[in-house]
Asks: 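I'd like to ask you about the structure that follows.
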2 protein chains.
Amino acid sequence: MAQIKDVAKRAGVSVASVSRVLAGHTGVTEATRQRVLEAVQAMDYRPDLAARRLRSRRTDTVGLIVSDIRNPFFTEVSRAVEDMAYQNRMRVILCNADENPEKEALYLDLMRDENVSGVILSPSLPTLAHFRIQDYPFPVVLVDRCDRETTADAVVLDNTDSAYRLTIHLIEQGYRRIAFIYGATSATGRQRQEGYVTAMATHGLETLTQAVPATVDAARIAASELVQGSLFPDALMGSNGLILLGLVEALREARLQFPEQIGLAGFDDLPWTRLVEPGITVIAQPTYDIGQATIELLLQRIAHPSQSVRRVVLRGELRERGSSVRRKDATL
Amino acid sequence: MAQIKDVAKRAGVSVASVSRVLAGHTGVTEATRQRVLEAVQAMDYRPDLAARRLRSRRTDTVGLIVSDIRNPFFTEVSRAVEDMAYQNRMRVILCNADENPEKEALYLDLMRDENVSGVILSPSLPTLAHFRIQDYPFPVVLVDRCDRETTADAVVLDNTDSAYRLTIHLIEQGYRRIAFIYGATSATGRQRQEGYVTAMATHGLETLTQAVPATVDAARIAASELVQGSLFPDALMGSNGLILLGLVEALREARLQFPEQIGLAGFDDLPWTRLVEPGITVIAQPTYDIGQATIELLLQRIAHPSQSVRRVVLRGELRERGSSVRRKDATL
DNA sequence: CTGTTAGCGCCTTCAC
DNA sequence: GTGAAGGCGCTAACAG
């Protein structure tokens, strides 16, 4: 492997000049610049990143800690982060916390060891509860999940408002006993539940909520009990794509047709929500945009460590489909 | 930040001893070992990875270059890789090539710059065609995609055989004019197409194949033309989950019911294939196992650079569902 | 504008 | 068994 001094020798300059040219510093004669670049090219010189990182004390690396990589929401966010990061000459270290606070802590610790330039994190509820930005030696931008109280850069959906609009939609379609099944491990689920509660209260309706671990199976089991119990909901709402999937499975098992026998709506416009007849009404999240906004916020923060804390809130879009059409016997 | 010399000072030993203890070397008195560990603990000392990497010339980092992170197959593979890698004290650098050979080349180059310990790659067809393991200064294990000719460690599905079995299943169910729509950018698609062709030939049936870019939209458009054209297929097969999704969309648009009006089957047992009535017949891939086997192979290769090349072939599992049930008018 | 040089923090011979 | 010392390859401060 060619080293910087080999390049310097070949170009007939000092290592400092080579370094300067490669760093894009000004104050180098065009002539030397050319000679250096030529030598670099000829020798296929590649700076040793370990050495550079040791010397410069920066890694140009972003840590991405997602709650659950299997959730298509996070997949798409990761894709956006990855795209933008490499465009900005940054590496991405991927970590999947599997909704496990201990793993989150472990990975955050690892990020410290790695001396990353910054971290993107979608914290679980326990982590978020104790989260203080000043506990970390690197900038952190939260994505998807954050509290009103959290003092940190963040990019989130308008969760409460979106859930409110979705609930109102169901109410307007004539549903009354609407049950809300939501993920207990995230701030997002809770905020969406708040929106649901507010909407129900506005119309003087009783609420019916159920917190579950954010998995398909947990949602399926909870929904099964709900529809077969004595509470007789006339519509089901799920707080995210995985939970919504569990609800559909439960309704299939119970042989309940939607919207004829029970209404259905949820979050995340996943491909299958259009394919399951007659289509499922959802709030679509601008997932790629969320990821993009997050990495942009992080890059800005890295560039300007002391700029004021920002929160970017993106709007969810209601996509009405067959699963929530007006009940024949509805009376408003 | 505490450094190794601070720890040494506090423990009353030399930096060499600290280094030895931390590296788990033998030949250190239990007494000094204890004093060092105590000091490390007390000072919350963390070795500087950049320095360690420069000095040791190894990064303990794995590069993961997937074709398309949105494909749930690769999501699950990534999850397994990530799990196992961190369990083995390795970092994972994530790269999403988006089925783009240029991006693949770019990322492979980047892996070289990063001096990674090894790379996991799911190559596009062009990359695979020119792929020679000796062109890279690090071990590479291929995942999901590889040719018969490729001389490299690899973990793949029994693509040809699985496709053969799936096709035979359709034939046995009475389908005759079976069309196969497959991803043109991967060896996988082509191998599955071979299995289809073999199965059709076995029964003296005419083949009907269509290569498309491996995206939902491309598959949808191709399928639309196919079912509305003059070739009148009586069944459709898709070579992976994204393509299968496109096929379903096309059938919906054309208002063709499966299995009544047309049979349907494909690859990848995604959640929605059970939910789309009456369920879609698929070959299920052991995705997590594939990922796990891949990283294990890579770790072995890193440990034993000169061990013989290995190929791990995992078996796909046929899951029969309603979309391929026997046609009423079938005559074998 | 260019070159010389002193480290960045750690590991690892090599003596003792 | 332990310590002293020389780099790993690069950047940046300083001097010219």
Asks: Would you say B:E30 has more than 12 foreign heavy atoms packed within less than 6.0 Å of its CD?
Replies: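 Atom CD in B:E30 is crowded, with more than 12 foreign heavy atoms closer than 6.0 Å.
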
Asks: If you measure from the Lys or Arg side-chain nitrogens to the Asp or Glu carboxylate oxygens, is any gap between B:R79 and A:D68 under 4.0 Å?
Replies: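 The answer is no: the pair does not qualify as a salt bridge.
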
Asks: Give every residue pair that meets the salt bridge (charged side-chain N to carboxylate O under 4.0 Å, His left out) criterion with at least one member in residues 44-53 of chain B, sequence neighbours excluded.
Replies: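 Qualifying pairs, neighbours excluded: A:R57-B:D48, A:D109-B:R46, A:R112-B:D44, A:D113-B:R46, A:E114-B:R53, B:D44-B:R46.
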
Asks: Tell me, please, which residues at least two apart from A:D147 pass side chain to side chain contact (heavy atoms under 4.5 Å, CB included).
Replies: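 Per chain and number, A:D147 pairs via side chain to side chain contact (heavy atoms under 4.5 Å, CB included) with A:L128, A:E149, A:T150, A:A187, A:R190, A:Q191.
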
Asks: Between C:dG9 atom C1' and B:M43 atom CE, what is the distance in whole Å?
Replies: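 Atom-to-atom, B:M43 to C:dG9, this comes out as 14 Å.
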
Asks: Mind checking what makes side chain to side chain contact (heavy atoms under 4.5 Å, CB included) contact with B:H130, not counting sequence neighbours?
Replies: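 Checked B:H130 against side chain to side chain contact (heavy atoms under 4.5 Å, CB included); zero matches.
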
Asks: Nearest-Å distance, CG (B:D113) to P (D:dG9)?
Replies: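 Rounded to whole Å, this separation is 15 Å.
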
Asks: Using a strict threshold of under 4.0 Å (side-chain N to carboxylate O), is an ion pair present between A:D135 and A:R132?
Replies: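 Salt bridge flag = yes for A:D135 with A:R132.
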
Asks: Specify the angle, to 10°, made by the local axes at the two ends of the helix from C:dC1-D:dG16 to C:dC16-D:dG1 when five pairs are taken at each end.
Replies: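 Overall, the helix from C:dC1-D:dG16 to C:dC16-D:dG1 bends by 40° from one end axis to the other.
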
Asks: For residues B:V119 and B:L108, determine if any side-chain heavy atom of one lies less than 4.5 Å from a side-chain heavy atom of the other.
Replies: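 Touching, per the 4.5 Å side-chain cut-off.
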
Asks: Give the rounded distance in Å between these two atoms: CG of B:N115 and C1' of D:dC10.
Replies: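 The distance from CG of B:N115 to C1' of D:dC10 comes to 15 Å, rounded to the nearest Å.
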
Asks: Just so I know, are the side chains of B:Y107 and B:I93 near enough to count as touching, which here means a heavy-atom distance under 4.5 Å?
Replies: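 No, side chains not in contact.
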
Asks: Under 4.0 Å from any atom of DNA chain C, heavy atoms only: list the residues of residues 26-39 of chain A that qualify, in numerical order.
Replies: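 When residues 26-39 of chain A is checked for heavy atoms under 4.0 Å from DNA chain C, the hits, listed by number, are A:G27, A:V28, A:T29, A:T32.
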
Asks: Less than 4.0 angstrom from a charged side-chain N to a carboxylate O is my criterion; do B:R311 and B:D153 meet it?
Replies: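 Result for this pair is no, no salt bridge flagged.
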
Asks: Rounded to the nearest angstrom, tell me the gap between atom NZ in B:K9 and atom C1' in C:dG9.
Replies: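 The distance from NZ of B:K9 to C1' of C:dG9 comes to 14 Å, rounded to the nearest Å.
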
Asks: Strictly below 4.0 Å, N to O, side chains only: are A:E38 and A:R35 in salt-bridge contact?
Replies: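 No, A:E38 and A:R35 are not salt-bridged.
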
Asks: Do nucleotides 10-16 of chain C as a string where each nucleotide becomes B, S or -: B if the base has a protein heavy atom under 4.0 Å, S if just the sugar-phosphate does, - if no protein is that close.
Replies: BBB----

Asks: Measure CG/B:L54 against C1'/D:dC8 and give the value in whole Å, please.
Replies: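 Distance, rounded to whole Å: 4 Å.
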
Asks: Rounded to the nearest 0.5 Å, how far does CD1 of B:I120 lie from CD1 of B:I295?
Replies: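 Those atoms lie 4.0 Å apart.
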
